[in-house]
Amino acid sequence: MTIAALNRLLDEEQPDVVRHPAPEIPQITARKRKPMQQPRPVPGPPAPQETSSAGAAPLAVGKLLAWAEAHETRFVARKGAQARALLRELRGLYAEAEELVQVDAEEQRLLGQLAELRARKGRLHPSQKRKSPVRDYVPAEVRAWAKNAGLDVPAAGTVPNRIVAAWREATGGAR
């Protein structure tokens, strides 16, 4: 049985199951076989009522795999084992994909809870406003004095400590 035939069989038995894309599987060509010395009895195909025909129910995958694996022809038995291994791998991939969907949903739920907790925390503990430093001088007066004294002083921002110290020394400004 080919992989394509197995996929068709799976689609017939479980049409509502979403399937992930199958990995590329190289085509295996059959080798010519030497004629057997003694004819061995070979199990026949499944009973007619079990085969997939226009009006009959499709053959269960488990029964088909068991038949293939028990087959005396090594080629058929090997194909059955390969099909079972592929199905096991597909089931594992499907389970991982399902778990990933659940993990993603849980992550979204937790992110929503975290956003709610942060908003609640913000309402309960508002951010404190930054207090301006306590000065015992008026920066505009210090800047004016520094310009008249010929010192470089920035037009905005903090007045450098060396300028404030020089102003205090020269004018006896408040401490």
Side-chain angles (χ1 to χ4, degrees), residues 1-31 42-140 143 154-161 164:
M1 168 178 268
T2 66
I3 299 300
L6 180 60
N7 283 334
R8 280 194 301 277
L9 183 63
L10 285 172
D11 289 338
E12 288 173 8
E13 275 207 20
Q14 302 169 342
D16 56 332
V17 175
V18 178
R19 306 214 192 283
H20 297 285
E24 287 293 323
I25 300 174
Q27 290 291 350
I28 300 172
T29 57
R31 292 182 254 152
V42 176
Q49 70 271 15
E50 293 179 349
T51 59
S52 176
S53 63
L59 179 64
V61 174
K63 285 184 180 180
L64 183 63
L65 291 175
W67 170 81
E69 289 174 332
H71 204 278
E72 289 186 18
T73 306
R74 284 186 289 166
F75 177 76
V76 175
R78 190 171 53 241
K79 290 296 183 184
Q82 287 173 349
R84 187 174 298 278
L86 284 173
L87 283 173
R88 190 173 24 256
E89 184 178 352
L90 284 173
R91 284 187 184 109
L93 292 171
Y94 181 80
E96 287 175 6
E98 287 296 309
E99 185 178 1
L100 184 59
V101 167
Q102 291 174 352
V103 167
D104 284 343
E106 180 70 7
E107 179 184 30
Q108 291 304 315
R109 185 185 69 75
L110 291 173
L111 286 173
Q113 281 184 330
L114 181 61
E116 290 173 8
L117 287 172
R118 285 181 174 161
R120 183 174 168 204
K121 181 180 176 182
R123 287 190 305 271
L124 295 174
H125 183 62
S127 61
Q128 297 178 357
K129 292 187 178 182
R130 191 172 161 197
K131 295 181 181 180
S132 57
V134 178
R135 297 186 187 115
D136 59 348
Y137 62 91
V138 178
R143 287 181 209 286
T158 306
V159 179
N161 288 338
V164 174

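- Residue Gln113 places its CD atom among more than 12 non-hydrogen atoms of other residues, nucleotides or ligands, all under 6.0 Å distant.
- Looking at every heavy atom in both residues, Pro154 comes nearest to Pro160 through CD-CD, 3.8 Å.
- A distance of 11.0 Å separates CZ of Arg88 from CG of Leu90, quoted to the nearest 0.5 Å.
- Within 6.0 Å of atom CZ in Arg118, 12 or fewer heavy atoms from other residues, nucleotides or ligands are found, so the atom counts as exposed in its surroundings.
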Q) Yes or no on side-chain contact (heavy atoms from CB on, under 4.5 Å) for Glu106 and Val103, after CA distance, side-chain angles and deciding distance? A) CA-CA 5 Å; Glu106 180 70 7; Val103 167; 5.6 Å; no
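- The number of heavy atoms from other shown groups lying within 6.0 Å of CG (Asn161) does not exceed 12.
- Expressed to the nearest 0.5 Å, how far CG of Leu64 lies from CZ of Arg84 amounts to 10.0 Å.
- The CD atom of Gln82 sits 11.0 Å away from atom CD of Glu69, with the distance rounded to the nearest 0.5 Å.
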Q | Check against side-chain contact (heavy atoms from CB on, under 4.5 Å), Arg91 and Tyr94 | A | CA-CA 5 Å; Arg91 284 187 184 109; Tyr94 181 80; 5.6 Å; no
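- Of all heavy-atom pairs spanning Ala77 and His71, the tightest one is CB-O, 3.7 Å.
- Between Pro139 and Val159 the shortest heavy-atom distance is CB-CG2, 4.1 Å.
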(Q) Pair Glu107, Asp104 - check side-chain contact (heavy atoms from CB on, under 4.5 Å), show working. (A) CA-CA 5 Å; Glu107 179 184 30; Asp104 284 343; 4.0 Å; yes
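- Note that the CD atom of Glu98 and the CD atom of Gln102 stand 7.0 Å from one another [nearest 0.5 Å].
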